[in-house]
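First the proteins, then the strands, lettered A, B, ... as listed; each starts at 1. Just so it is clear, the model here is predicted, and its values are computed rather than measured.
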Amino acid sequence: MLEARSLNRAFGSLVVTKDVSFALDKGERRVVLGPNGAGKTTLFNILAGELKPSSGAVLMGGRDITALAVAARARLGLARSYQKNNLFGELTVRENLALAVATARGAAGWIMRDTLSDAGIAEDVRDAALAVGLTEMLDVPVDAVSYGVRRQLEVGIALSTRPSVLLMDEPTSGVGPGMIQAFHQLMHTLPRELTVLIIEHDMDLAFDVADRITVLNYGEVVFEGTPDETRGSPMVREIYLGEWDAHA
Amino acid sequence: MSDWSYWAVQTLNGLQLSMLLFLLSVGLTVIFGLLHFVNLAHGALYALGAYIGISAATATGSYWAGFAAAPVVVALTGILLYLGLMKRMRRAGPMNQVLVTLGLIFVFVDIFRLVWGDIAIGTVEPALFTGRSELFGVVYPTYRLFIIGLGALVMAVLALVLSRTQLGAMIRAGVDNDQMAACLGVNVEKIFFLVFCVGCALAGLAGAVAAPVFSAHPDMGTEILISTLIVVVVGGMGSLRGAIAGSFLVGFAQTFGTVLLPHVASLLIYALLALVLVFRPTGLFPARA
Amino acid sequence: MIKTVTGALVCASFAVAAAGPASAADYKVGMLLPYSGVYAALGQDIDDGFMLALEEAGMVDQVEMVREDTEVKPPVGLAKTRKMVLEDQVDVLVGPVSSGVLGAVRDFVDQTKTPLIVANAGNDAATGENCSPYIVRVSFSNSQVNRPMGQWMVDNGVKSVYTLAPDYAAGQQQITAFADAFKEAGGEVVGQEYTPFRTTQDFGPYLSQAQSTNPDAVYVFYAGSEAINFVKQYDAFGLKDNTTLYGSGFLTSPLYVDAEGPAAIGVIGSLHYIPTLDTPENKAFVEAVQKKYDRVPSEYTVQGYDAGRSFVEAIKSGATDKEAIAKALPTVSYTSPRGPVSIDPATNNIIQNVYVYETVEGDDGKLTQKLLGTVENVKDAPNGCEL
Amino acid sequence: MFRQSLLKTLTVLAILAAAIAYTFTTGYFGKELVIEAATLAILAISLDMIAGYGGMISLCHGAIFGVGAYTYAGLTVLFEVNPFLAFAAAIVVSAAFAFAVGAVTARTHGIFFIMATLAFGQMAYVLVFENKALGGDDGLAGVPRLDVSPLGLDFNNSVQFALFAVAAAALSYAAAAWVLRSGFGRTLVGIRVNEARMKAVGLTVWRTKAIAFAISGALAGLGGAIAAQQTMFVSPELMAWMVSGTVLMVVIFGGIGTLVGPIVGAVVWVFLKHEISSATPYWHIVAGTVLIITIVAGGRGLYGQIEYMVERRRLKRLAAAGVPSTATGREDETHA
């Protein structure tokens, strides 16, 4: 469903993405692990189209989308959430979600009708809000909600476009344990045909939801396997999982 | 006049205009790069420099009195504006800054009219640089050579200060990331203030230097403003390199445009601006990638 | 008894006049001038000249003045004109400075049959193809001041010229009128360039180009700050040393000549007025202006004065309402500070002398105007005007 | 997001009523001022649509206005086209010009966007100024007004023409409000607030920007075509960049991003300028000072300040009525 072929990207002499290849099947849940500075967010930016790779290709559903811009990829069903909140600050939660839903449904250009009062869009907004637990918050301006709520909305916006591939960049970064728990549940309620790629630091979550795990180090894929294989890999343990041992 | 010397003189014309634009735009661009402040009143400060230059020269009988007084007075005016108005507009966004300084232009124009009258006034070149000089068989007004030289000197000094001194390093750090610079112990506020003063002083200097060539009149600041903004935007805001590149591009485009394509001359710099922005939406050499 | 009654009445009327001149005024004059913007100084000169003429005739109290700022913007000028005609109901309009404003108000003035005394705007068409019985011009036409120079320069040994002017209607008309006359007289125009209007400050590139064609003379039209910049840069580039600068005389108008400084010395221009004319009318005028406004009159002051004077003459001839004033204006004829003037019945444009003058340094070290020649009673061809 | 609040409706109706009442009672020049305020209001509404809601501070709206005026004047004077046809053409041509500017400048932001629009506006100005066929700097005179005699009306009657201009301004407001309340209007606000995220959810941003410019341009062109009829004359002055600057001032002065503010700004500006400029030739100093004070005082503008206070009270009331709200967390959130 989503495939990276020998992606390379350098900023000046600094190589941040080096010959990265992997492929996700439809409905697969893949977690990307790696220490800080391993080039995970850069990889996401390349997959989503915000950065052009120096070489290599990105394929979605077998189609080469390397040349497509962010918006065109999104229209093909590729959605992402950001590590740093990237929301519509002065608007309400409902308006945030409605903007995403309307765009995904091709209603962004409606001149004769209002997207905020459209029944179909409202339904999608409600679904997305329900999925991320924001039903009670719909009419509060984003500028006035807590950080945790913003993290929820961050994922909610990505989900509300009804994507076929979802990229999530550290969805639980900086939130409390209660919210991580809620996120576990969310992951299990996602439709099974949705393909998901997550950058995650929370190991429990990673092993809980992942079908397969890819480990990046210094911009390179150093390991790929099932959660069990990952747990058993001495190399992964060495570069990354010391931390996780401590947690476990 | 031989063909060769004709083109040589036109090149000097282009160079002279470029240097004047450079003096004017470098302050504007560095103030933008460092303070993120769009100061449309920069043109009015240039006009003030010209008026002060002429008044001081007339009062003392010496061009050099105006040459010295204009940067000082304009910098002092800049300080007043900074403390009274611009400091609190720092975080107000480009639109509010554009508008506040547009308001300032209006105020300045009428102040010029009230103080110096509606009629344009002028002054003469300093005795040292009157007449013409001959260089390799090319005859050119000496005072214009002085402008070229002064512009080159300022350019060199600024380049040296920025690349070789502690102060320059701090300014560059501030342009790159002011919060980071502040964390590193740079007194950002002080640097901002200093840069603002120098920028204003250079605008005043440009005015005093331009006064013997162009007359001073109330609207002169508004007239030069557009060219200056084009220089800054084409070059990419915030960088010395951008100001230099922009000045040369605009100066030469304007000079050779009038010579080679007289019918579209007035369109040329706007076309240049549009073209650059369409392909490089943040100018040729933006301070930040 | 009768005497005292009359005396009391006279006193009373004076008292009324003093208390509220507006209500006592017999006529209303609308000044359509730029009081702000690039031509504000010209507007002020015209206004001052007009007031001087009223004062001289002792008519200040009989006239109520309405002043509106055109801002040198045609739409603004038109709006102000409408206001003065329809709301203030002025009897006569005076102005404007800009031909653009004149073009904008022309149809309105014509349709509302409001006499307009043009006190500056020189567009040929206003007294040519677009002439109107209600528009009388006492200033000049663009071609009128330039045409005589063609013959005069050839007569004085100039065989080839390079011309420069700002790229707008007035610039084109002034240069075309001169160039046609110059060519007709046997001269050759070796090069011609129009510079972007009001955005050209540096004439260097043009001057180098003019120099490269090696003409006997350079002939230009510039006004305002462009004139100052041009004259100074012409000198700085050394062209003045062997190529005399000629031009429409606005170039070295008394209004700008001090700002131009020594660079203006030796520049030769043609104009309908210079303050150094040696006539009794002019001497009295110069003295009056100096006394009242403490400055040397410019051609604009004289235009304002003649606008006032022709209005006064029209009133004196018995005109009382708009229609009568419009009829009377073209018939006025008198000796102005600028010499004998009359209105051409075929076009309503002024017939006047054009003076060729050189800017020289006077005995007091100040720049002054030296008369080189007079072309008498210059009159425009009708150019399609049918009155 | 745009909301046609009660305050907006009441203010617009009040201004409308006042304009109509004033038109019937004032002298000749008063009616001229009404027309001027109405055309300026149309232009200001058009600018507020894209600047206040779309975040695109255009400095070429004067030029778009001028394109409308010149299209109408050129077609009627030079080609003797039916005025109604020319009127429609003016709107279409200005919309097309605006679409092109919007499309080409879509990638630039902030001061670069301002300068890019300035460049296109100036190019249009220079082209018109130097075009002899369009009368060059002399402009075109003899522009006819719409011939409405079949309706038993006469636009040469200044009361009727003033009412027509006021009606056009009211319609412009309604059209702009309609667009801003539509899905498209929501999207436009989304772009202002967070353009990158709109792209990330799949929006072709440049197209939305260009269409917004076109709609705004159509309104500006409408204003231009009315202005050309008012003065029955067009000149390049209409297109100078200071006109765009002035409109922007009017929008700010009334309250940017409120749609009603620009109307308030236009009315106050026209009448105030008339008063001040007849009192002193130094009216620039007054206008400049007022502008500076407006911005320093918070930049909300005359109407904007009032709406802000009313809105704040409304939200407080809502909060008191039990609409859920959470504690405001102050986190470091950097705006990309």
Look at the aromatic rings of [X] and [Y] and report parallel, tilted or perpendicular, splitting at 30° and 60°.
| X | Y | value |
| --- | --- | --- |
| B/Phe67 | B/Phe146 | tilted |
| C/Phe140 | C/Phe250 | tilted |
| B/Tyr51 | B/Trp116 | parallel |

Return the minimal non-hydrogen interatomic distance between [X] and [Y], and the atom names on each side.
| X | Y | answer |
| --- | --- | --- |
| B/Phe252 | B/Leu15 | CZ-N, 3.7 Å |
| B/Ile52 | B/Ala70 | CG2-CA, 3.8 Å |
| C/Tyr206 | C/Pro196 | OH-CD, 3.2 Å |
| B/Gln10 | C/Pro205 | NE2-O, 2.8 Å |

Examine whether an atom of C/Ser36 lies under 4.5 Å from a heavy atom of chain B, and if so say whether it belongs to the side chain, the backbone or both; otherwise answer neither.
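Looking at C/Ser36, backbone and side chain both touch chain B.
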Check each atom of C/Gln201 against the heavy atoms of chain B and say whether the ones under 4.5 Å are side chain, backbone, both or neither.
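Both backbone and side chain.
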Begin from the C-alpha positions of B/Arg144 and C/Asp202 and carry the test salt bridge (charged side-chain N to carboxylate O under 4.0 Å, His left out) through to its verdict.
CA-CA 11 Å; B/Arg144 287 182 176 235; C/Asp202 186 4; 3.0 Å; yes
Chain C heavy atoms under 4.5 Å from [X]: which part of the residue, side chain, backbone, both or neither?
| X | result |
| --- | --- |
| B/Ile224 | side chain |
| B/Phe214 | both |
| B/Ala8 | neither |
| B/Val124 | side chain |
| B/Tyr140 | side chain |
| B/Thr123 | backbone |

Quick check for you: among B/Val213, B/Ile121, B/Val139, B/Thr130, which has the greatest number of heavy-atom pairs under 4.5 Å with chain C?
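With the most close heavy-atom pairs to chain C, the winner is B/Val213.
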Most contacts with chain C, counted as non-hydrogen pairs under 4.5 angstrom, among B/Pro218, B/Ser215, B/Ser227, B/Ser266
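Among B/Pro218, B/Ser215, B/Ser227, B/Ser266, the one with the most close pairs to chain C is B/Ser215.
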Candidate pair C/Arg295 and C/Asp45, rule side-chain contact (heavy atoms from CB on, under 4.5 Å), full reasoning
CA-CA 10 Å; C/Arg295 62 173 187 266; C/Asp45 267 12; 2.6 Å; yes
Ion pair check, C/Lys292 and C/Asp48, cut-off under 4.0 Å:
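Salt bridge absent between C/Lys292 and C/Asp48.
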Decide, yes or no, whether a salt bridge links C/Asp241 with B/Arg132 under the criterion of side-chain N to carboxylate O below 4.0 Å.
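A salt bridge links C/Asp241 with B/Arg132.
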So which residues of residues 229-237 of chain C are in contact with chain B at a heavy-atom cut-off of under 4.5 Å?
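From residues 229-237 of chain C, the residues near chain B are C/Asn229, C/Lys232, C/Gln233, C/Asp235, C/Ala236, C/Phe237.
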